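We count ligands from 1, going down the list as the structure has it; atoms in each ligand are counted the same way. Please read all numbers here as calculations on a predicted model, not as lab measurements.
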Amino acid sequence: MEIWNRHFECMDRDELRRVQSGRLIETVERVYFNVPYYRHKMQEQGLGPEKIHSIDDLSKLPFTVKQDLRDNYPFGLFAVPMSEIVRIHASSGTTGKSTVVGYTRNDISTWSEVMARTLTAAGANRNDFIQIAYGYGLFTGGLGLHYGGEKIGASVIPISGGNTMRQIELMRDFGSTVLACTPSYALYLAEAIQESGISRDDFRLKAGVFGAEPWTENMRREIEEKLRIKAIDIYGLSEVIGPGVASECLYQEGLHINEDHFYPEIIDPETLEVLPDGSMGELVFTTLTKEGLPLIRYRTRDLTRLNREKCKCGRTLVRMSKCLGRSDDMLIIRGVNLFPSQVETVLLDMSGIKPHYLLIVDRVNNLDTLELKVEVDEAFFLDKISQLESLSKKLRDTLESALGLSIKVTLVEPKMIERSEGKSKRVIDKRKF
Ligand code: DLL
């Protein structure tokens, strides 16, 4: 089994810890002297870079959360002058104050390196044809996979998302061997291939690198059977770098975290206490080499557990279990991140409706669907049907452009949405994770 960077991926754990400690010290200095936000936060706690000597001191440092990035929108947390930034991405689905991330030339090179590790771990090499059906653009999926694919010398096919018939045609004609997309799109493609009548023998596909949303072992089995491939789970988030934070090897027993670049901790999301290895909790990352947007103890909100045993593949990098849940209310719909509060903001701005709503998420033919049920104002409800129709269309258009997702809007009579006494239930997620 090939390993892209044996030196770091199989490093003795004591040596790795020394590397991590050195890099943490540099990172803390970088943020303290270059990012006023971090300097103030550390000063408030009586902390300076001289108090950080090793990874053991990490827990002294304050946490960073998504809201901190939004409050410093767009570039306030960057640690280098903009002239050093060569790429900007932003998290999907959010409007206005979205999460903006910036990369220096070295960051792009780090990203390509960790993506090269990811693809190699999935069994890919220079002889492969990688069909990248993740979206290209502000989303990190397309370009992240792209640079990794080029780095290992594979033939990269930057087809981007959507246009299923063309995906299938090119997959057959170009002989794609590795497919990169969300797991739900992989399943959708698998069924479309079956329906197309083209024989599976006409394809050369052998592996898939799937991520950007949670998926279960059952989904994996289904994808592997339908496409007759090895389905590899890859994990990442824009704030930390994009895809390439962690990925499975061919043993599929947890995702190896590239911890020489991204140091993981597991905390209790309520008490914020650091938990021992093996406990389920919220994953927190400190970047150890990033220049553009270094992050200290960034709370991902993803729930998982860590395992530091050496893997059968020979890698010593810590493994995280598949991420299936979050400690906040973020939904991932067709790979797009969505907070119910984004819908609420649109509703509050629109006349004719009340902010009493219910979001219904489902999966039909392996594609996520999103429906909004929302109450109409009493006065409006007595109006003509045509007016209701135009209200519904206006609402749908506004939501679709705000969320970057298609949505079905159903207007209902006042008081039709159940009121709850405690925390109101805004989302029904019928997908099975
Ligand atoms: O989804 C980066 C990515 C692209 C990862 C392509 C893998 C492949 P964001 O849009 O910032 O970045 O969303 C990050 O997606 O915090 C998780 O909640 C979720 N997520 C990403 N990968 C997985 C996975 C990209 N393999 C958020 N399993 C993260 C479960 C995942 N959830």
(request) Using the test salt bridge (Lys or Arg N to Asp or Glu O under 4.0 Å), find all partners of E224 that sit at least two apart in sequence or belong to another chain. (result) none

(request) Check C323 against ligand 1 and report side chain, backbone, both or neither, counting heavy atoms closer than 4.0 Å. (result) both

(request) Report the part of I234 in contact with ligand 1, treating N, CA, C, O as backbone and CB onward as side chain, heavy atoms under 4.0 Å; options are side chain, backbone, both, neither. (result) both

Atom indices of ligand 1 within 4.0 angstrom of [X] heavy atoms, with elements:
{"X": "D233", "result": "24 (C), 26 (N)"}
{"X": "G141", "result": "4 (C), 6 (C)"}
{"X": "I332", "result": "15 (O), 18 (O), 19 (C)"}
{"X": "T140", "result": "2 (C)"}

(message) Are Y263 and E265 packed together at the side-chain level, in the sense that at least one heavy-atom pair is separated by less than 4.5 angstrom?
(response) yes

(request) Would you indicate whether the side-chain heavy atoms of L295 and F285 approach each other to under 4.5 Å? (result) no

N/O to N/O below 3.5 Å, does that happen between [X] and ligand 1?
{"X": "S91", "result": "no"}
{"X": "M330", "result": "no"}
{"X": "N337", "result": "yes"}
{"X": "S238", "result": "yes"}

(message) Taking the ring centre of each residue, are W111 and Y147 less than 6.0 Å apart?
(response) no

(request) For D349 and V346, indicate whether the former's side chain and the latter's backbone hold a donor-acceptor pair under 3.5 Å. (result) no

(message) Under 4.0 Å between a side-chain nitrogen and a carboxylate oxygen: does that hold for D397 and K393?
(response) yes

(request) Between E213, R326, K322, E248, flag the one that comes closest to atom 28 (N) of ligand 1 by a heavy atom. (result) E213

(message) Under the salt bridge (charged side-chain N to carboxylate O under 4.0 Å, His left out) test against E239, which residue among K66, R301, K290 passes?
(response) K66

(request) Can you run down the salt bridge (charged side-chain N to carboxylate O under 4.0 Å, His left out) pairs that involve residues 164-188, sequence neighbours left out, and say none if there aren't any? (result) none

